[in-house]
Amino acid sequence: MLVLYRLTSVVVVLVVGVAYVSLLFTSFLPVVLMVGSVLIVTFLLARLLGWNVRTFEFWHLLSTPVLLLISGYGLFFFLEQFYAKSILGIVLLVLLALFSEHIFSYIHLPAIYQPFSIEHLGQLMNILTLFFLSVAGFGLRLFLQVPLWILGVAFFVLSLLVIYGTLWASKVEDQRARPYALVGALLITELFIAIAFLPSGLYTSAAFMALTSYVFLGLTRANALYRLTGTLLRRYVFIFILLTATIIFTAQWL
């Protein structure tokens, strides 16, 4: 049985890899390929996690890779260059494989699990998920004129899940994590709605969202764990100002 669990990451990569290559080189029902691969990956990871559906740990460890895959597929529709789509596929495969490996060691072989591996990798995946979702959200708003309130509600729910899951993985107490997650999701959703009115491109707007989410998660995590210092605050502020200026002066504005 342990061998079957050990092969989960390999099967996940094969399933997503086949679906993604099919999307790149064929026109065979892309929605079917995406939905089918997401369902299979969800089943494989749920089985790896032991179907402990009554625990938040199960839903967090399951939703982190699944949301990344779904958001990655959403970004796929807005990419035009073949090399960009190929890079996206490689990133998805590598992250899904690594996360599956960490889940396996965390659940089934805790003796070899490297502490904080899931926490650090999960935070990276969550930031990428918010970036991918932002591109898809701004794209739906621009090209399909999807009502902003619908996108706002969806983004609020997803942001709440991502922020709370990140704080939970950082061992923040539930009573402290909930208000941070609620306020953070509200602020990020308001930012999403505000940026939707700016004359910026999809990737520029999404980069602002990802950068803000990264800074907010970093500062919130440090404060919730009573580790926020003046030095750390100045470091995040410097990173935010530097990267914001880089985005502004290198972006193509409409």
Side-chain angles (χ1 to χ4, degrees), residues 64 67-95 98 119-143 148 151-152 155-156 158-159 162-163 165-167 170 180 183-224 227-254:
T64 298
L67 285 178
L68 177 70
L69 181 59
I70 294 173
S71 62
Y73 280 150
L75 176 61
F76 179 89
F77 285 112
F78 296 97
L79 295 176
E80 299 178 359
Q81 296 86 357
F82 179 82
Y83 77 88
K85 293 181 178 180
S86 300
I87 293 174
L88 173 63
I90 293 172
V91 170
L92 289 177
L93 290 175
V94 170
L95 291 178
L98 289 175
E119 174 188 347
H120 295 152
L121 182 60
Q123 185 171 356
L124 171 62
M125 293 170 67
N126 287 335
I127 296 298
L128 287 176
T129 296
L130 289 175
F131 174 76
F132 296 162
L133 289 174
S134 297
V135 173
F138 291 127
L140 291 173
R141 173 66 176 172
L142 179 63
F143 297 113
L148 195 55
L151 297 175
F155 211 85
F156 174 82
L158 293 172
S159 299
V162 167
I163 295 173
T166 301
L167 295 175
S170 300
Y180 281 118
V183 173
L186 182 61
L187 291 176
I188 291 177
T189 302
E190 290 177 345
L191 180 64
F192 174 82
I193 295 174
I195 291 179
F197 292 99
L198 294 179
S200 55
L202 300 181
Y203 306 108
T204 301
S205 300
F208 276 122
M209 292 296 302
L211 175 59
T212 303
S213 301
Y214 165 74
V215 173
F216 177 82
L217 284 174
L219 292 176
T220 299
R221 175 177 173 273
N223 189 56
R227 298 175 183 173
L228 183 60
T229 63
T231 301
L232 184 62
L233 177 61
R234 287 191 294 270
R235 183 185 306 165
Y236 273 101
V237 170
F238 173 76
I239 292 174
F240 180 78
I241 294 175
L242 177 63
L243 294 183
T244 298
T246 302
I247 293 172
I248 291 174
F249 290 111
T250 60
Q252 293 182 353
W253 298 85
L254 301 179

- At what distance, to the nearest 0.5 angstrom, does CG of L133 lie from CZ of F155? 6.0 Å
- Message: Please report the interatomic distance CG(L167) to CD(Q123), rounded to the nearest 0.5 Å.
- Response: 9.5 Å
- About how many Å separate OG of S213 and CG of L187, when rounded to the nearest 0.5 Å? 10.5 Å
- Query: Which atoms form the tightest heavy-atom contact between A206 and V135, and what is the distance?
  - Reply: CB-CG2, 3.3 Å
- Item | Gap separating the CG atom of L69 from the OG1 atom of T129, nearest 0.5 angstrom | 9.5 Å
- Query: Rounded to the nearest 0.5 Å, what separation is found between the CG atom of N223 and the OG1 atom of T229?
  - Reply: 11.0 Å
- Item | Ring center gap for Y214 and Y236 short of 6.0 angstrom | yes
- Note on the structure: Taking every heavy atom of F216 against every heavy atom of G184, the minimum-distance pair comes out as CZ-CA, 3.2 Å
- Note on the structure: Interatomic distance, CE@M209 vs CD1@I188, rounded to 0.5 Å, equals 6.0 Å
- Query: Does N126 reach the side chain of L130, with side-chain heavy atoms less than 4.5 Å apart?
  - Reply: no
- Return the minimal non-hydrogen interatomic distance between L88 and G72, and the atom names on each side. CD2-O, 3.4 Å
- Find out whether Y203 and F78 are in side-chain contact, i.e. whether some heavy atom of one side chain is under 4.5 Å from a heavy atom of the other. yes
- Query: Which atoms form the tightest heavy-atom contact between F208 and I248, and what is the distance?
  - Reply: CZ-CG1, 3.7 Å
- Query: With F132, which of L67, L92, I70 fulfils side-chain contact (heavy atoms from CB on, under 4.5 Å)?
  - Reply: L92
- Any side-chain heavy atom of F77 sitting closer than 4.5 Å to one from L140? no
- Tell me, please, which residues at least two apart from E190 pass salt bridge (charged side-chain N to carboxylate O under 4.0 Å, His left out). none
- Message: Give me the atom names and distance for the closest heavy-atom approach of A207 to I247.
- Response: CB-CD1, 3.8 Å
- For A210 and I127 the tightest heavy-atom approach is O-CG2, 4.1 Å
- Indicate yes or no: at least one non-hydrogen side-chain atom of F192 is less than 4.5 angstrom from one of T212. no
- Query: Is any side-chain heavy atom of L198 closer than 4.5 Å to a side-chain heavy atom of T204?
  - Reply: no
- Task: Verify side chain to side chain contact (heavy atoms under 4.5 Å, CB included) between L68 and L95, making sure each step is shown before the conclusion.
- Result: CA-CA 9 Å; L68 177 70; L95 291 178; 3.9 Å; yes
